[in-house]
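Below is one structure, written out as structure tokens; the observations come after it.
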Amino acid sequence: MSVDPTALQEVTKKTLEDTQEKINAALTLRQAFNTTTTTKNASITLFALDAVGGPIKDIKIEFYLAADAAATFTPAFYGTRAGDPVTFTVRNIPAIAAIATPGANARYFYEFGDLGEGMQMEFRVAQDNNGAATVAIDGVLTYLA
Amino acid sequence: MIQVTDLLPLGKRWRQLWLPEALNASASLPGAVEGSYGLTLTGARGGTTTDGVYFNRSATGHIDCGAIHDNATKLWISFRIKRDRNNDMYFTGKKLDGNNILQIYNIGTTIHFQHFNGGVNLFDITVALGTFELNTWYHILASISSVNGARLRVNGGTAATDADTTALFAGGNWYIGDREVGSGASTGGVIADFIMGTDDLSTNEELDLYQGAIPLDAVNFWPLDEGRGVTAYDRGSGGNNGTLNTGASWAYGGVKLPIISFDSINDRARSAAGINIQRPCTMVWVGKMKQVYPSVISRNAALFDLSVDGNNRLILAHDAGIAYAAFVGIGGGVAPEARFTPAPTIDDYWVFVGTMSAAGVVTAYINGVSVASNSNASLAPVGAAYATLGQNYLNTNGDNSKCIMAGLVDGALTAAEVRTLSRYLDQKLGLGLRIQQ
């Protein structure tokens, strides 16, 4: 039995294209890494995301906080809304507990859920007026887009 | 589910990767792979791939830029406009009252630039286009000068001039999309890249503006790329942010993505030093082009610069000296350049890739196609580099093209691998380049 090489090339090309299309349609797991410090009596934005290009799903944040025997930290998700796409308001559902005097190797994990197309979010961490002037924090943001 | 790291072929990984969707409050951009350096933004902002602002020809179809340029003895105005209807309309202007008006408008296929001052019609200079196509971009450049008089150019063509040297009147706000609130003949269409200055433009600056480059002394530059909200940020020295009224909205084409917005004047995004640029490696930059890199532009423009110093660098840039865009590797005392001629048009999307092999071969690719190659076996950049987007490592040679992503791959991608990656990015980002397998 002979095989038409041109037809075989066409089948191979079509298979490759189909595979490529499926990959392209799949959500991609993306990450962001941030190493910085919190500041006494101030709030920092540890991570942010912009969903102007389409929905971003399954947003998760994990961070490490250096030990501090006196400071309290308040993590909070902020987001915009459809009617006001540039103003950030608190979106903590459910409520996020404050972190009082983190000990050694303190790790924290939060889930934001999904971000609708056009929305923006920020994850902020505020330090109260106690503890060290700056406290080391590093985190990983993961999401599907 | 696949990971961003899976986009690369086996044996390759990202040394550095930046995705502007994670831009943090227009201040910093974390790295997108473990070990990647974050970028700190200086002047640069988060933005979008929006084409500009759409004006719906209603009484509220304008951007109010405030009471600026009163009594200006010199003033130039540059913008691009794409009409969506055949009406006569005011594109921009400033009006104190019926006796004091500076305005740019069209009657039929003729563009007018007119100055009334104290009830006197000082000039009404015109450029007749013959045809004034709908849904087609036109570049309009107008100026008044106490030294050189008035001037109007469209699409870099022959300038219409008038000898009048009268300064601008005082009073009235500057509007984009109209000359006042509710003139009854406001713009129907999209306006983008609106720039103003208060000096005499040189011949090179006029050419630069037509070709997308912003003069370094621009007083007002509204890129109109925010893509959401009602504030149009002025990136020039004037700092006169404009406010969109309800008849003005953001105009997206087929692509809707977050970007890092640079003004090409003094903006940049930069990492700390520490990036390994030893061969083999591959630079990747994806974005919306805002300059056309012609043969006679007056200055260089750096899209993506990885530099230890002047002797150890990798650059994706336009080089005025060689007239074209290029991928340049510098190291070990040699600097082979992969120069190429295909220049973009404004608002094109480019997947710009530069590979540097283990043997010192540098190759430039645009949208998956190899466009130039060069080699020198001595090419061996070393040291701890820092990354700069939007300028070069010396904080000069700005480029206002809009960065959608940038990264450095560990290893030199083959031509087939570059094509596959470019095709993936095209489809995943929806750039519409239709890169073939």
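Throughout, protein chains are lettered first and strands after them, A, B, ... in sequence-line order, and every chain is numbered starting at 1. In what follows, every heavy atom counts, from backbone to side chain, and hydrogens, waters and symmetry copies are set aside.
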*Grab the two heavy atoms, one from A:Gly53 and one from B:Pro258, that are nearest each other, plus how far apart they are.*
N-CD, 4.3 Å
*A:Phe88 versus chain B, heavy atoms under 4.5 Å apart: side chain, backbone, both or neither?*
neither
_Residue B:Thr48 versus chain A: region with a heavy atom under 4.5 Å_ = side chain
_With chain A as the partner, which of B:Ala22, B:Ala27, B:Gly229 has the greatest number of non-hydrogen pairs under 4.5 Å?_
B:Ala22
_Could you report the tightest heavy-atom contact between A:Ala48 and B:Leu23, atom names first, then the distance?_
CB-O, 3.3 Å
_I'd like to know if B:Arg228 pairs up with A:Asp84 as an ion pair, taking the criterion as any Lys NZ or Arg NE/NH1/NH2 lying under 4.0 Å from an Asp or Glu carboxylate oxygen._
no
*Given a strict heavy-atom distance threshold of 4.5 Å, which part of A:Glu122 is in contact with chain B: side chain, backbone, both, or neither?*
side chain
*Hey, could you give me the CG/CG distance between A:Asp50 and B:Leu19, rounded to the nearest 0.5 Å?*
12.5 Å
_Using side-chain contact (heavy atoms from CB on, under 4.5 Å), reason through B:Tyr252 and A:Val52 one step at a time and then give a plain yes or no._
CA-CA 11 Å; B:Tyr252 284 95; A:Val52 71; 3.6 Å; yes
*Examine distances only and state if a side-chain atom of B:Asn24 and a backbone atom of A:Thr45 form a donor-acceptor pair shorter than 3.5 Å.*
yes
*Just grab all the salt bridge (Lys or Arg N to Asp or Glu O under 4.0 Å) pairs involving residues 27-48 of chain A, residues at least two apart or on different chains.*
A:Arg30-B:Glu21
*Would you mind telling me which of A:Val86, A:Val140, A:Thr87 has the largest number of heavy-atom pairs within less than 4.5 Å of chain B?*
A:Val86
*Determine whether more than 12 heavy atoms belonging to other residues, nucleotides or ligands lie under 6.0 Å from atom CD of A:Glu62.*
yes
*State whether the number of non-hydrogen atoms from other residues, nucleotides or ligands found under 6.0 Å of B:Lys256 atom NZ is greater than 12.*
yes
_When A:Leu46, A:Leu49, A:Thr80 are compared by non-hydrogen pairs under 4.5 Å with chain B, the top option_ = A:Leu49
*Got B:Tyr424 and A:Thr28 here, is their nearest side-chain heavy-atom distance under 4.5 Å?*
yes
*For A:Gln31 and B:Val33, run side-chain contact (heavy atoms from CB on, under 4.5 Å): C-alpha distance rounded to whole Å, both residues' side-chain angles, the deciding distance at 0.1 Å, then the answer.*
CA-CA 7 Å; A:Gln31 294 181 296; B:Val33 291; over 6 Å; no
